[in-house]
Each structure stands twice: as C-alpha cells, then as structure tokens.
Amino acid sequence: MPELPEVETIVRGLRAQVQGQRITRVVVHQPRIIHGSRAAFRRLLPRARIACIERYGKYIIFHLDLGAHSAASWCLLVHLGMTGQLHWCRPELPYLKHTHVTFWLANGAQLRFRDQRRFGRLEVIPAKFLSRYFTRLGPEPLEIPFTAFARLFAGRRAVIKSLLLNQSLLRGLGNIYSDEALFRARIHPVTPAGSLDLAALHRLYAAIRRVLRAAIAAAGTSFSNYITAQGQPGEFQFRLRVYGREGQRCMRCGSRVKRTALAGRSSYFCPRCQRRPW
DNA sequence: CGTTGAACCTGTTTGC
DNA sequence: TGCAAACAGGTTCAAC
C-alpha cells in the first residue's frame, strides 16, 4: 500500500508526536510480524528513547537511544507492506482488529501498528548494519540528479514500468505513482526502458518529482487502509489521473483509460496519450 | 538479464 | 442468494 509519499507523511507525523519520547512498554499481539532478532526486540525496545525518525525508500527508521543500557546504537525498522498502519493514539481508544504491536510512551500516548494483510514487518537491528541491510535499494527519486537517473535505464531491455517498481533502481515508487508518473510523462508502461530518448527521460524525471511532491503535499493517497500517523486519510486519491480509472475518460484527451497486467499487477494508461513505441 | 508465478495474509468486489 | 474467482498500495524467491 504505502509508497514514498505515504511513508513520508507518516514519518513527518511521527516526528511531531513521538520523536524524543521514551518507550515504557511494548506489547506484541502478533509475534509473526516481528522479524530478525525477537530477543533484541523484547530486550531493547522497552526503556528505549526514540531519538530520531527517518524515511529510507518505503522503510521507516527509528533511531533508538538506549542510554546506559547499550554501548552500541540500535534501530527499529518498520516496513508497512500493503496495509500497514503506524498511528499515534490515546490508550483509551479501543483496539481495532489487526493491531499487532502496541508501544506505550512516557507521555501516556500509544503508538500502534496495525496490518490487515500482515505483509508489513518490524525489526530491531544494530545501526552499523543499516547500510548492509539497505544495499539492494537504489537512490531516492527526489534526490537523484538527472544524469544519474538517465543512466539507470541505458541499455535496459526491461519495460519501464517494471524498472520503476524495482526498488534496487529507485527506492520508494510503487504501483500508483509509477502509473501516475508515466501518464504525466506520456510514456507507455511497456516501453523498453533503454529505448527512451533524452526528451522522454526528461519528461519522466520531471513527472516523478512533480507527482511525488504533490502527493506528499496532499498527505498521500488513501483508498481503504492508509492513514497518517494522526489517523487521518490522505487527499491525493482525488488528484489521481489514471490509476484505478479503467474505462473512464482520459483527463487529457477523453479516450478510455485502459488496464493491462504486468507481472501480475495492474497498470493503468491512456492508449492515446501514452503511445506504444511500435 | 528479464519475466512470470507463487508465496506471505485478509478482506472486498465482481461475475456467474 | 450463494459461491468462487479476481483483485488489492509490497517484497522475495524459484523457475524458465
């Protein structure tokens, strides 16, 4: 579910409400959601202070301050999978279904992790392993310069949509924003990436930046599961131009939006604005 | 290298 | 109305 803009929105909300807080108690309702060392999870999180919170692609990194308990520094990594939610609330709030982990905070509030499909994961790892943990992730789409961006696709025969979803090339894009960027750049999703000319690469680069920034400004896209750290839905679902609009009129040219399956996932595109390369 | 399908889960929508 | 299939924002792995 959550792609870069949703995770960024959650991280900003968490910074405002839980950064600096000490964890006083952790309750794991669904142990299978915890990956890596469960012993480290149980031992280190109670009494840890959340020193700072970062986003890395679609991952959330909580840097822990363990004080005198540990000389090494540790992190809590959270990936939300398809339906994960990480939200701050009062302890009186009734437990909603699929709440897998509850963090009690020193200020009396709680941070709860819910995940209907359980594709999400939480893991405590030493900070020194972070770079190794993330070796397979490419650069941030909002940070990479254009020349490096263009190089990612040179000589690649794979279709552009697959490469946009591939986190080892760029970290953070998912199915929605890949389709939205390709639509805005007027590139057909099955175009071989290496065949994109300089003009097309420029359009794609600009489109990715525009759509991600606009989505962050709108607090992300909510269909059913995604909510911000404050428990609110995003607003970008009202600004989507192709994703989920099969059969509806293209907002640019009025043609019918089509849907095609690519590696088992839906790709939405306008057959007129996004011409096939042959 | 690139693609596909399956696996990990639960819930909703669609079609017969 | 009932039931099965299809589908849902992600990642990883095996097979070809």
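Keep in mind that this is a model prediction, so the values were computed, not measured.
Distance from the side chain of A/H79 is smallest to C/dG10 among B/dG2, C/dG9, C/dG10. For A/S266, the side-chain atoms get nearest to C/dC7 when compared with the rest of B/dT3, C/dC13, C/dC7. Nearest nucleotide to the side chain of A/R259, out of C/dC7, C/dC13, B/dG2: C/dC7. Closest to the side chain of A/R121, out of C/dT11, B/dT3, C/dG9, is C/dT11.
With 3.5 Å as the limit, one finds no donor-acceptor pair spanning the side chains of A/R186 and A/Q274. In this structure, a donor-acceptor pair under 3.5 Å is present between the side chains of A/R121 and A/Y59.
A salt bridge links A/D179 with A/K161: at least one charged nitrogen is closer than 4.0 Å to a carboxylate oxygen.
In this structure, the aromatic ring of A/F119 is positioned over the six-membered ring of the base of B/dC8, centres within 5.5 Å and planes within 30°.
Below the 3.5 angstrom threshold, one finds no donor paired with an acceptor across the side chain of A/T83 and the base of C/dG9. Not a single donor-acceptor pair, N or O on each side, falls under 3.5 Å between the base of C/dA8 and the side chain of A/R265.
Straight-line distance between the C1' atoms of C/dA6 and B/dG5: roughly 16 Å, to the nearest whole Å. Between the P atoms of C/dA5 and B/dA6, the separation comes to 14 Å (whole Å). Rounded to a whole angstrom, the distance from the P atom of C/dG10 to that of B/dC1 is 23 Å. Taking the P atom of each, C/dT11 and B/dG11 are spaced 22 Å apart, rounded to whole Å.
Taking atom OH on A/Y133 and atom P on C/dT11, their separation rounds to 11 Å, with Å as the unit. Between A/Y177 atom OH and C/dG10 atom P there is a gap of 10 Å when expressed in whole angstrom units. Taking atom OH of residue A/Y59 and atom P of nucleotide C/dT11, one finds them 7 Å apart after rounding to whole Å. Rounded to a whole Å, the OH atom of A/Y226 is 17 Å from the C1' atom of C/dA8. Put simply, OH on A/Y56 is 19 Å from P on C/dG10, counting in whole angstrom units. Remark: P of C/dG9 and CG of A/N225 are 11 Å apart, rounded to the nearest angstrom. Counting to the nearest Å, the P atom of C/dA8 and the CD atom of A/E3 are 13 Å from each other. One can place NE2 of A/H98 at 4 Å from P of B/dG11, the figure rounded to the nearest angstrom.
Between C/dT11 and A/Q167, a contact under 4.0 Å exists linking OP1 or OP2 to a side-chain N or O. One finds a side-chain N or O of A/K97 lying less than 4.0 angstrom from the OP1 or OP2 phosphate oxygen of B/dG11. OP1 or OP2 of B/dT3 has not a single side-chain nitrogen or oxygen of A/R157 nearer than 4.0 Å.
As judged by a 4.0 angstrom heavy-atom cut-off over every strand, A/S178 is placed among residues making no nucleic acid contact. Residue A/Y268 is classed as a sugar-phosphate contact, given heavy-atom separations below 4.0 Å to backbone atoms only.
Heavy-atom nearest nucleotides on DNA chain B were determined for A/R156 and for A/G264, and the one closer to the 5' end corresponds to A/R156. Between A/G174 and A/R136, the residue whose closest nucleotide on DNA chain C is further toward the 5' end is A/G174.
Checked against the 6.0 Å centroid criterion, the rings of A/Y95 and A/H29 qualify as a close aromatic pair. Taking the ring centroids of A/F183 and A/Y243, they lie at or beyond the 6.0 Å cut-off.
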| request: Go through the steps to decide whether A/R241 and A/Y268 satisfy the test side chain to side chain donor-acceptor pair (under 3.5 Å), and finish with yes or no. | output: CA-CA 10 Å; A/R241 297 187 191 169; A/Y268 299 88; over 6 Å; no

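With a 3.5 Å ceiling on both atom-pair distances, C/dG9 lacks any Watson-Crick or G-U wobble partner.
At least one donor-acceptor pair under 3.5 Å links the side chain of A/D115 to the backbone N or O of A/F119.
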